[in-house]
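Note sheet for the following structure.
Letters A, B, ... are given to chains in the order of the sequence lines, protein chains preceding strands, and every chain is numbered from 1.
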There are 2 protein chains.
Amino acid sequence: MATADPTRPGFQLPLLLLAGFRTLIDDLHTELAREGHPELRPLHGFVLQAVGAGGTTATELGQRLGISKQAAGKTVDRLVAVGYLERVDDPSDARRRLVRVTPRGAEGLRRSAEIFDRLRAQWADTLGPERVTALEDDLRTMASANWFRLDVPGWFGG
Amino acid sequence: MATADPTRPGFQLPLLLLAGFRTLIDDLHTELAREGHPELRPLHGFVLQAVGAGGTTATELGQRLGISKQAAGKTVDRLVAVGYLERVDDPSDARRRLVRVTPRGAEGLRRSAEIFDRLRAQWADTLGPERVTALEDDLRTMASANWFRLDVPGWFGG
DNA sequence: TACGATAGTCAACGTGGTTGACGAAATAGT
DNA sequence: ACTATTTCGTCAACCACGTTGACTATCGTA
């Protein structure tokens, strides 16, 4: 009895959560690549989302994503390199470099949102809409989602 | 309207799944560190589990985890360095190096399983046992969990 | 004006992954 | 028995994503 039974309940839950997430993300990027955005990587959609329509700075982005400003800066570098973000100087503060979503970035984000909606609809077709809603409600209850601010001002369009 | 509304349903689902997973894993490692296993990192439990009681090789481990044999080998290196795995020569095949869980590894695995069980019990307390079961059933249905073989022979205790 | 807080960047490092190449050992085929 | 192929492990180079610490430039304020 050197190892624990992997079918025991406790082990399944995290695995299933991860598998669900991965399935969604894999499907998203398969579809995104087909629709002309092959360079968008798993986390990029969330980063683009976190930058928002109004733009941000690397430091603020790091706070929103719960990572260091240096890590946020490097991620911005990569997104700039593939044309989804751009950096502009802030005329009112020479220390700051505003990060903004480019038109191509906005296009990719729009497609991501559409694909996610379609994937959620597939879940609703298979499980029934009320089970998907229940699943989301339960996860919202358990996942003290503080590590990723879904309600950050600036995430909304316009 | 440069960005999509982050509160739209499709965007919530992957975020919530990830948040649920992260919450579980973070709680696990907080507790594991408290119980004498601070060097166990997020994926190590799954790797230990995948090695199983009978031992494996790096190549086989890579197949079980869905990663390259080289990546599996590096992960084994790290686990060996912290004393959770060991490598022994295979007397029947000089090419192979058997990877085995050490007593300390088995101990960490046992504690992980116990903690996961406790965490799942907390979920059941908050949501009700039937909702946790439903959540697992639904995820099993949607997450075509092929990327991670939960039913690999050898995962069960000796 | 001098000082403390803030923004961004650089460097070094850790972890988890990839591919390609390669030697050594096992195995299959003639 | 010998050659040809497959398999196992490893090395090297590289990438994505994260960390800390240190440092400069700039801003805001006492």
Roughly how many Å is it from [atom1] in [X] to [atom2] in [N], rounded to a whole number?
X	N	atom1	atom2	value
B:Leu18	D:dC17	CG	C1'	14 Å
A:Ile25	D:dA16	CD1	P	18 Å
A:Leu40	D:dA16	CG	C1'	14 Å
B:Arg97	C:dA24	CZ	P	16 Å
A:Arg96	C:dT9	CZ	P	13 Å
B:Glu60	D:dC8	CD	C1'	12 Å
A:Gln63	C:dG8	CD	P	10 Å
A:Asp77	C:dA7	CG	P	18 Å

Partner of B:Arg22 under side-chain contact (heavy atoms from CB on, under 4.5 Å), chosen from B:Asp26, B:Ile25, B:Leu24: B:Asp26
Identify the heavy atoms of [X] and [Y] that sit nearest to each other, and give their distance.
X	Y	result
B:Thr23	A:Ala143	OG1-CA, 3.6 Å
B:Phe46	A:Pro14	CZ-CB, 4.4 Å
A:Leu127	A:Arg131	O-CG, 3.3 Å
B:Ser112	B:Leu32	OG-CD2, 3.5 Å

Out of curiosity, does B:Val82 fall in the hydrophobic cluster containing B:Val80 (side-chain heavy atoms, cut-off under 4.5 Å, transitive links)? yes
Which letters describe nucleotides 19-27 of chain D, given B = protein heavy atom under 4.0 Å from base, S = only from sugar-phosphate, - = neither? BBBB--BBS
Looking only at side-chain N and O atoms, does [X] come under 4.0 Å of OP1 or OP2 in [N]?
X	N	answer
B:His44	C:dG16	yes
A:Thr75	D:dA16	no
B:Arg78	C:dG16	yes

Taking atom types as modelled, find out whether A:Glu39 and A:His44 have a side-chain donor-acceptor pair closer than 3.5 angstrom. no
Do A:Gln12 and B:Arg120 have a side chain donor and acceptor closer than 3.5 Å? no
B:Thr59 side chain, from C-beta outward: closest of C:dG16, C:dA7, D:dG9: D:dG9
Considering only side-chain heavy atoms of A:Arg41, which listed nucleotide, C:dG8, D:dG9, D:dA16, is closest? D:dA16
Five-pair end axes of the helix from C:dT1-D:dA30 to C:dT30-D:dA1 and the angle they enclose, rounded to 10°: 0°
Would you mind checking if A:Arg140 and A:Asp137 are paired as a salt bridge, meaning a charged N to carboxylate O distance below 4.0 Å? yes
